[in-house]
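Along the sequence shown, residues are numbered consecutively beginning with 1. Small disclaimer: the values here were computed from a predicted structure and weren't measured.
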Amino acid sequence: MHAKTAAPDRPEAASFPLTVLAKRADFLRAARARRVPCEGFLLQARQRAEGEAEGIRVGFTCSKKVGNAVARNRAKRRLREIARLILPGMGRDGWDYVLVGRPEQTAWRDLAALQDDLRRALRKVHGDAK
């Protein structure tokens, strides 16, 4: 059996997986919380109540405004990838994040630009300088 190594152009994310939101109620609670519009997507973030859940949780959504099923799936794949790369390092324990795809942007915007958007949005949500 061969050891699996990361490709040089894909940085290794943290060793723990992100928990993915699945319940509508979690998405609705995030929608009522903080919102940071970015060029490539909308970030909704909320700090959970004590004892509600552990770790960083993330959800992804794209309405039909984003496009047909192919465009929506492409947009969600790209949102999942930037979350996998950025949230383990910049997300905070005890927070829920929902990334909402934007029409004409999420599916086609440069991946590096999407990552920069998420970094900027997280700094804004958490009140970090820069």
Side-chain angles (χ1 to χ4, degrees):
M1 192 177 250
H2 298 291
K4 193 173 190 179
T5 58
D9 60 334
R10 286 184 70 159
E12 194 64 37
S15 60
F16 64 92
L18 298 170
T19 304
V20 179
L21 296 176
K23 296 187 182 207
R24 184 172 189 268
D26 291 328
F27 282 89
L28 293 175
R29 280 192 287 271
R32 288 190 301 266
R34 299 176 188 179
R35 296 169 155 227
V36 180
C38 301
E39 192 169 336
F41 57 89
L42 170 71
L43 175 69
Q44 300 171 337
R46 78 173 189 103
Q47 188 170 14
R48 294 187 305 268
E50 188 69 33
E52 188 177 336
E54 292 183 13
I56 299 171
R57 299 192 314 175
V58 63
F60 310 95
T61 185
C62 291
S63 72
K64 287 189 177 182
K65 290 179 185 177
V66 172
N68 62 14
V70 173
R72 290 192 307 272
N73 287 332
R74 176 181 167 87
K76 284 191 276 187
R77 276 195 311 272
R78 293 166 62 80
L79 292 175
R80 279 192 295 270
E81 181 65 8
I82 64 169
R84 182 189 73 82
L85 294 172
I86 306 298
L87 282 180
M90 292 188 71
R92 296 206 179 154
D93 191 34
W95 282 73
D96 287 347
Y97 303 97
V98 175
L99 283 76
V100 181
R102 286 191 182 272
E104 306 289 323
Q105 289 294 321
T106 307
W108 309 112
R109 187 165 165 80
D110 181 60
L111 198 58
L114 285 174
Q115 290 178 38
D116 290 340
D117 288 346
L118 183 54
R119 286 185 192 101
R120 224 177 351 268
L122 288 170
R123 283 193 295 269
K124 190 169 184 178
V125 162
H126 297 304
D128 297 342
K130 293 180 191 175

Q. So, for G40 and D117, which heavy atoms are closest and what is the spacing to 0.1 Å?
A. N-OD2, 3.3 Å

**Q.** Reported CZ-to-CD distance for the pair R102 and E39, which is rounded to 0.5 angstrom
**A.** 9.0 Å

(Q) Is the shortest side-chain heavy-atom distance between Q105 and C38 below 4.5 Å? (A) no

Q) Which heavy-atom pair separates A33 from R46 by the least distance, and what is that distance? A) CB-CB, 3.2 Å

**Q.** Close side-chain approach of L99 and L43, heavy atoms under 4.5 Å
**A.** yes

Q: Quick one: pull up CZ in R92 and CG in L122 and give me the separation to the nearest 0.5 Å.
A: 9.0 Å

(Q) If hydrophobic clusters are built from ILVMFWY residues whose side chains come within less than 4.5 Å, do V100 and L18 share one? (A) no

Q. Under a 4.5 Å cut-off applied to non-hydrogen side-chain atoms, are T106 and V66 in contact?
A. no

Q | From CD1 (I86) to CZ (R119), nearest 0.5 Å | A | 3.5 Å

(Q) Tell me whether the count of non-hydrogen atoms from other residues, nucleotides or ligands lying under 6.0 Å of NZ in K76 goes above 12. (A) yes

**Q.** Spacing of E52 atom CD and D96 atom CG [to the nearest 0.5 Å]
**A.** 6.5 Å

Q.
Hydrophobic clustering (ILVMFWY, side-chain heavy atoms < 4.5 Å, transitive) - are V98 and W95 grouped together?
A. no

**Q.** Interatomic spacing from CG in L118 to CZ in R123 - rounded to 0.5 Å
**A.** 10.0 Å

Q | G55 backbone acceptor or donor facing R48 side chain under 3.5 Å | A | yes

Expected list for residues 19-32: side-chain donor-acceptor pairs under 3.5 angstrom, two or more places apart:
{"from": "D26", "atom 1": "OD1", "to": "R29", "atom 2": "NH2", "distance (Å)": "2.5"}
{"from": "D26", "atom 1": "OD1", "to": "R57", "atom 2": "NH2", "distance (Å)": "3.4"}

Q | Single-linkage hydrophobic cluster, 4.5 Å side-chain cutoff, L114 and W108 together | A | no

Q: For residues C62 and G101, report the shortest heavy-atom separation together with the two atoms involved.
A: SG-CA, 3.8 Å

(Q) Are the side chains of V36 and R34 in contact, using a 4.5 Å heavy-atom criterion? (A) no

Q.
Using 0.5 Å steps for rounding, measure from the OH atom of Y97 to the CE atom of M90.
A. 9.0 Å

